[in-house]
2 protein chains.
Amino acid sequence: MRQAADLNCPPSIDAQQALTRAETLCQQRGARLTELRRRVLEIIWNSATPLGAYTILDMLRDDGRQGAPPTVYRALDFLLAQGLIHRLALLNVFTGCRRPGSHHGGQFLICRDCGRVSELSNPAIDELLRAETDARGFEVLAQTVEILGRCPDCLKEPAHHG
Amino acid sequence: MRQAADLNCPPSIDAQQALTRAETLCQQRGARLTELRRRVLEIIWNSATPLGAYTILDMLRDDGRQGAPPTVYRALDFLLAQGLIHRLALLNVFTGCRRPGSHHGGQFLICRDCGRVSELSNPAIDELLRAETDARGFEVLAQTVEILGRCPDCLKEPAHHG
DNA sequence: TAATAAATGTTATTTTATAACATAACATCG
DNA sequence: CGATGTTATGTTATAAAATAACATTTATTA
Ligand SMILES: [Zn+2]
Ligand SMILES: [Zn+2]
Ligand SMILES: [Zn+2]
Ligand SMILES: [Zn+2]
């Protein structure tokens with residue numbers, strides 16, 4: 001996977017803003033953004049690409065912190081519940097939410113080659129999905145729209161050098 | 001998970017039709033629907049709910065057939081490549097495609113309680129997603145829309161008895 | 001038939017996620 | 001403050017999902 005600067009994606013917040021935002025939201029909700037949880041969120045935001053749970057665990061250990069898989073998964077569960085991160089089911093990785101606060105199902109473009117992710121926020125898609133579920137009397141608990149492919153930058157490359 | 005008859009879902013084919021259809025399609029394409037691959041497809045279609053790879057493996061062994069995880073995953077890979085089944089990334093399970101032949105990204109309503117799945121075929125959603133990817137110059141390789149929730153039947157139940 | 005390619009068998013391992021229980025930190029009340 | 005209940009984290013072990021690597025068999029084709 002190549003690493004690169006930024007995918008031309010919708011209005012996006014940066015790591016610093018994300019952490020500040022997370023603190024505000026958790027405070028308002030009476031949720032405890034502990035040091036561990038905050039650090040996991042920071043690790044996720046500092047990465048150019050989404051991270052797997054075990055990669056995050058390695059980074060926690062690099063901090064000198066002790067930990068095991070449950071350490072990470074619990075923090076991730078908290079962040080997911082607070083709508084601060086998303087899980088990309090196609091790749092089993094986690095990425096920071098670009099619109100925290102408004103609980104929403106994710107819409108993602110995931111580049112197979114460089115791993116970068118673009119979070120969409122297309123209300124028309126949400127609307128159509130809501131119409132489908134309403135028509136069927138289906139109660140929505142979680143929702144994900146994931147498109148795996150190749151981003152413009154990687155399409156410029158001669159071919160897929162995987 | 002409760003088991004039940006049928007979710008009120010779009011025009012759907014049954015197991016028998018699916019197998020016949022698969023044979024026709026594979027023949028047209030020069031793809032080999034071997035006995036193993038056919039049997040895996042049949043197992044998937046005979047189930048009221050999507051199945052995990054290891055459940056399918058157990059069923060193959062019940063047939064008296066020998067096998068290991070790769071046996072199943074290879075067959076699943078073939079069926080996926082032929083567009084005969086879909087993988088639901090949220091649950092790591094596989095389900096028969098209700099519109100085989102037209103390669104398409106899946107759109108699914110998945111009931112958390114009874115496990116049954118409804119495959120949508122909303123062209124407007126496909127259209128919006130295509131518009132998003134086109135606008136970004138993003139080449140689509142795979143696409144999935146998954147909504148996890150509670151189906152009408154399960155909503156009739158007093159509460160979530162998990 | 002011999003050579004080639006495709007499919008399957010087989011063993012081992014990697015990757016992802018959770019169960020179960022112990023300890024520590026934090027809050028709330030007497 | 002100290003006792004009590006609750007939440008968060010530490011820790012060990014295991015479950016669940018997927019793949020790597022190589023051997024063998026089956027099918028295709030020259
Ligand atoms: Zn988001
Ligand atoms: Zn890319
Ligand atoms: Zn389909
Ligand atoms: Zn249901």
Side-chain angles (χ1 to χ4, degrees), chain A residues 1 22 26-27 29-41 43-44 49-61 63-82 84-95 112 115 142 144 148 162, chain B residues 1 22 26-27 29-41 43-44 49-61 63-82 84-95 115 142 144 146 148 162:
Chain A
M1 260 189 209
C26 287
Q27 195 159 28
R29 294 168 181 167
R32 293 171 54 195
L33 186 65
T34 62
E35 197 207 334
L36 173 65
R37 292 165 174 173
R38 196 194 131 93
R39 178 65 184 130
V40 169
L41 184 60
I43 286 172
I44 289 172
T49 60
L51 298 177
Y54 283 73
T55 304
I56 295 169
L57 180 55
D58 286 343
M59 291 177 170
L60 286 176
R61 284 170 170 161
D63 288 354
R65 191 189 287 267
Q66 50 208 344
T71 309
V72 171
Y73 280 103
R74 285 165 183 158
L76 291 171
D77 286 346
F78 172 86
L79 297 171
L80 285 169
Q82 296 300 322
L84 298 172
I85 62 173
H86 293 283
R87 177 173 185 271
L88 304 183
L90 281 181
L91 299 181
N92 299 321
V93 293
F94 301 85
T95 192
R112 179 197 64 180
T144 190
L148 187 67
Chain B
M1 257 188 212
C26 287
Q27 195 160 29
R29 293 169 182 165
R32 291 173 54 197
L33 186 64
T34 62
E35 197 207 333
L36 173 65
R37 291 165 175 173
R38 197 196 129 95
R39 178 66 184 131
V40 169
L41 183 60
I43 286 172
I44 289 172
T49 59
L51 299 177
Y54 283 74
T55 304
I56 295 169
L57 180 55
D58 287 343
M59 291 177 171
L60 286 176
R61 284 170 171 160
D63 288 352
R65 191 189 286 268
Q66 49 208 345
T71 308
V72 172
Y73 281 103
R74 285 169 185 152
L76 292 171
D77 285 346
F78 172 86
L79 297 171
L80 285 168
Q82 296 299 323
L84 298 172
I85 62 173
H86 294 283
R87 178 174 183 271
L88 303 184
L90 281 180
L91 299 181
N92 299 321
V93 293
F94 300 84
T95 192
T144 190
E146 298 181 30
L148 187 68

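Here is how names work: the chains are called A, B, and so on, in the same order as the sequence lines, proteins then strands, and each is numbered from 1.
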Practice item. When you get a sec, tell me which of D:dT9, D:dA18, D:dT28 is the closest nucleotide to the side chain of B:Tyr54? Key: D:dA18

**Study point:** Non-hydrogen side-chain atoms of B:Leu51 and B:Met59 separated by less than 4.5 Å
**Key:**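 B:Leu51 vs B:Met59: side chains touch.
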
Check your understanding: Mind checking whether B:Pro69 and B:Leu57 have side chains closer than 4.5 Å, heavy atoms only?
Key ->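 In short, these two side chains touch, coming nearer than 4.5 Å.
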
How many whole angstroms separate atom [atom1] of [X] from atom [atom2] of [N]?
| X | N | atom1 | atom2 | answer |
| --- | --- | --- | --- | --- |
| B:Asp58 | D:dA15 | CG | C1' | 14 Å |
| B:Ile56 | D:dA18 | CD1 | P | 10 Å |
| A:Arg38 | D:dA8 | CZ | C1' | 18 Å |
| A:Arg29 | D:dT7 | CZ | C1' | 19 Å |
| A:Leu91 | D:dT19 | CG | P | 12 Å |
| B:Asn92 | D:dA15 | CG | C1' | 13 Å |
| A:Asp77 | D:dT9 | CG | C1' | 14 Å |
| B:Glu35 | D:dT25 | CD | P | 18 Å |

Revision key, fill the gap. When rounded to the nearest 0.5 Å, the distance separating SG of A:Cys26 from CG of A:Leu79 is 8.0 Å

Exercise for review: To the nearest 0.5 Å, tell me how far A:Asp63 CG sits from A:Ile43 CD1.
Suggested key: 5.5 Å

**Study point:** salt bridge (charged side-chain N to carboxylate O under 4.0 Å, His left out) against B:Arg65, all qualifying residues, sequence neighbours excluded
**Key:** B:Glu35

So [X], base contact, sugar-phosphate only, or nothing? Heavy-atom distance under 4.0 Å.
| X | result |
| --- | --- |
| B:Arg65 | nothing |
| A:Phe78 | nothing |
| B:Thr71 | base |

Check your understanding: Counting distance only, does the side-chain N/O of B:Arg37 pair as donor-acceptor with the main-chain N or O of B:Phe78 below 3.5 Å?
Key -> no

Exercise for review: Output yes when at least one side-chain N/O atom of A:Arg37 is less than 4.0 Å from OP1 or OP2 of D:dT9, else no.
Suggested key: yes

**Study point:** Residue-phosphate contact under 4.0 Å: B:Tyr73 side-chain N/O, D:dA18 OP1/OP2
**Key:**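 Yes, because at least one side-chain N or O of B:Tyr73 sits under 4.0 Å from OP1 or OP2 of D:dA18.
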
Point to revise | Residue mapping more 5' on DNA chain C - nearest nucleotide basis, A:Ala53 or B:Gln66 | key: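 Per heavy-atom nearest nucleotide, the more 5' residue is B:Gln66.
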
Check your understanding: Along DNA chain C, 5' to 3', what are the outermost nucleotides having an atom less than 4.0 Å from a heavy atom of chain B?
Key -> C:dA6 to C:dT11

Exercise for review: Scan A:Thr71, A:Ile56, A:Leu84, A:Ile85 and name whichever one has a side-chain contact (heavy atoms from CB on, under 4.5 Å) with A:Val40.
Suggested key: A:Ile56

Practice item. Hey, which sits more toward the 5' end of DNA chain D by its nearest nucleotide, B:Arg32 or A:Pro70? Key: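 Per heavy-atom nearest nucleotide, the more 5' residue is A:Pro70.
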
